[in-house]
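Here's the structure, in structure tokens; my notes come after.
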Amino acid sequence: MTDCPKGAVPRPTAGALRLVEPSTADPQTIDVARYLEEMSAHCPYLSPSAERRLTTWSVYQATGDRNAVEEGLFHACVDAAERLRSLMRRPHGLLRCENVVLLGEVPGVSHRDLLMWPHWALKNLYSSVGIMFGKFCAGIEERTRSGARTPASPVSFLPVRAAIRRRDPFFLHADPDLAAALATADDEGRDVFASLSPSRDWTEIRTWARHLLPPTRPFPPSGTP
């Protein structure tokens, strides 16, 4: 399998995101050491991943409008997912996790809303090949499936990692189709974009993702296409 599936050429983000720090296990522009330590109590795979320097961080700064930043985040995560696909079968491949961090602000738009559409589209594209995407917003406490509180993240980010098929489908209980796809995931190297427009245009991808929303999961407007 190649690093990028056939035809899935990453699109430029037109300056909507500025790369502050490329992928590294020791980010200097953000402080996540304590957060990782505290989160290890909730994720049994995090410590062995971090110890092997397989948990990495790519840091971006928002410099565009809402639509452009969403597009930039989406394609940054696609790049991370395709790299991960090429590495998952290597030793400790299932412990790899690339975290795509968003810094900066888009006036009038929360980080929660900026992450929403890229996260939803990515889950629908990649669940069937065993890639899991998370979503964490700075300063917001999350809850585990058992109801336990997790520490608030110091930054907003989208984690991209290999799915744990015996655990992760439970996190998608609100989206049974995605849970089923993840539970039977098999990556034979196919192009996850094959059924979409060859242009990979973000507006078209977001429209496609909107049509996959369950009736009880309305998302906020996406701004100007």
Side-chain angles (χ1 to χ4, degrees), residues 1-14 16-30 32 36 43 45-62 69-103 115 117-136 155-165 168 178 181-182 185-196 198-202 205 209:
M1 182 168 57
T2 61
D3 286 355
C4 206
K6 184 179 179 181
V9 179
R11 289 169 54 87
T13 60
L17 290 181
R18 178 174 62 86
L19 181 60
V20 176
E21 189 170 16
S23 180
T24 176
D26 297 308
Q28 301 301 303
T29 55
I30 57 174
V32 292
L36 286 176
C43 178
Y45 304 96
L46 184 53
S47 285
S49 174
E51 289 168 2
R52 292 176 173 84
R53 300 177 62 80
L54 298 177
T55 295
T56 56
W57 304 82
S58 298
V59 183
Y60 292 87
Q61 177 87 21
V69 170
E70 285 182 345
E71 179 180 12
L73 286 170
F74 174 79
H75 286 292
C77 288
V78 167
D79 288 349
E82 294 302 334
R83 287 194 299 272
L84 180 58
R85 291 177 74 183
S86 71
L87 298 171
M88 280 171 55
R89 299 185 188 278
R90 297 184 184 181
H92 307 302
L94 295 180
L95 292 177
R96 291 182 177 273
C97 179
E98 172 76 21
N99 299 296
V100 177
V101 178
L102 176 65
L103 303 179
L115 300 182
W117 281 112
H119 179 248
W120 176 247
L122 289 159
K123 288 201 302 184
N124 279 279
L125 282 168
Y126 282 95
S127 288
S128 63
V129 294
I131 303 292
M132 184 75 170
F133 296 86
K135 175 167 54 66
F136 296 89
V155 292
S156 298
F157 69 101
L158 294 167
V160 186
R161 61 173 176 80
I164 308 299
R165 291 203 293 180
D168 286 338
L178 287 180
L182 202 64
D186 180 38
D187 190 358
E188 76 293 357
R190 67 181 178 275
D191 180 359
V192 300
F193 290 86
S195 63
L196 300 178
S199 71
R200 275 62 173 179
D201 178 75
W202 168 241
I205 291 170

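Treat the numbers as computed from the prediction; the structure is a model and nothing was measured.
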Say whether, by atom type as modelled, one donor and one acceptor occur between the side chain of R52 and the main chain of P48 under 3.5 angstrom.
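Between the backbone of P48 and the side chain of R52 there is a qualifying donor-acceptor contact (under 3.5 Å).
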Is the side chain of S127 donor-acceptor paired with the backbone N or O of N124 at a distance under 3.5 Å, no angle test?
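The answer is no, because no donor-acceptor pair under 3.5 Å joins these two groups.
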Looking at P22, C97, S23, P27, which one forms a side-chain contact (heavy atoms from CB on, under 4.5 Å) with T56?
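With T56 as partner, side-chain contact (heavy atoms from CB on, under 4.5 Å) holds for just one option, S23.
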Heavy-atom side-chain proximity of [X] to [Y] below 4.5 angstrom:
{"X": "Y126", "Y": "D187", "answer": "no"}
{"X": "W117", "Y": "L73", "answer": "no"}
{"X": "S128", "Y": "R190", "answer": "yes"}
{"X": "F133", "Y": "L122", "answer": "yes"}
{"X": "N99", "Y": "V160", "answer": "no"}
{"X": "V59", "Y": "L103", "answer": "yes"}

If you look at every heavy atom in P118 and E70, which pair is closest and at what distance?
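Here P118 and E70 meet closest at CG-O, 3.5 Å.
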List for me each residue that meets side-chain contact (heavy atoms from CB on, under 4.5 Å) alongside [X], sequence neighbours excluded, and say none if there are none.
{"X": "R53", "value": "A25, D26"}
{"X": "S156", "value": "H111, L115, C137, A138"}
{"X": "A121", "value": "F74, W202, I205, A209"}
{"X": "A194", "value": "D191"}

Gap separating the [atom1] atom of [X] from the [atom2] atom of [Y], nearest 0.5 angstrom:
{"X": "L87", "Y": "R96", "atom1": "CG", "atom2": "CZ", "value": "4.5 Å"}
{"X": "R161", "Y": "M132", "atom1": "CZ", "atom2": "CE", "value": "5.0 Å"}
{"X": "Q61", "Y": "T29", "atom1": "CD", "atom2": "OG1", "value": "9.5 Å"}
{"X": "H92", "Y": "Y45", "atom1": "NE2", "atom2": "OH", "value": "14.5 Å"}
{"X": "L95", "Y": "L46", "atom1": "CG", "atom2": "CG", "value": "10.0 Å"}

S58 versus E98, side-chain donor and acceptor atoms under 3.5 Å:
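Indeed, the side chains of E98 and S58 share at least one donor-acceptor pair under 3.5 Å.
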Could you walk me through whether Q28 and E21 pass the side-chain contact (heavy atoms from CB on, under 4.5 Å) test, one step at a time?
CA-CA 8 Å; Q28 301 301 303; E21 189 170 16; 3.7 Å; yes
Let's go through L17 and L102 carefully: what are the C-alpha distance in whole Å and the side-chain angles of both, what is the deciding distance for side-chain contact (heavy atoms from CB on, under 4.5 Å) to 0.1 Å, and is it a yes or a no?
CA-CA 9 Å; L17 290 181; L102 176 65; 3.9 Å; yes
Once side chain to side chain donor-acceptor pair (under 3.5 Å) is applied, do any residues pair with [X], and if so which ones, sequence neighbours excluded?
{"X": "D186", "answer": "none"}
{"X": "Y60", "answer": "none"}
{"X": "T55", "answer": "S49"}
{"X": "T24", "answer": "none"}

Verdict with supporting geometry, W57 and L36, side-chain contact (heavy atoms from CB on, under 4.5 Å)
CA-CA 12 Å; W57 304 82; L36 286 176; 3.8 Å; yes
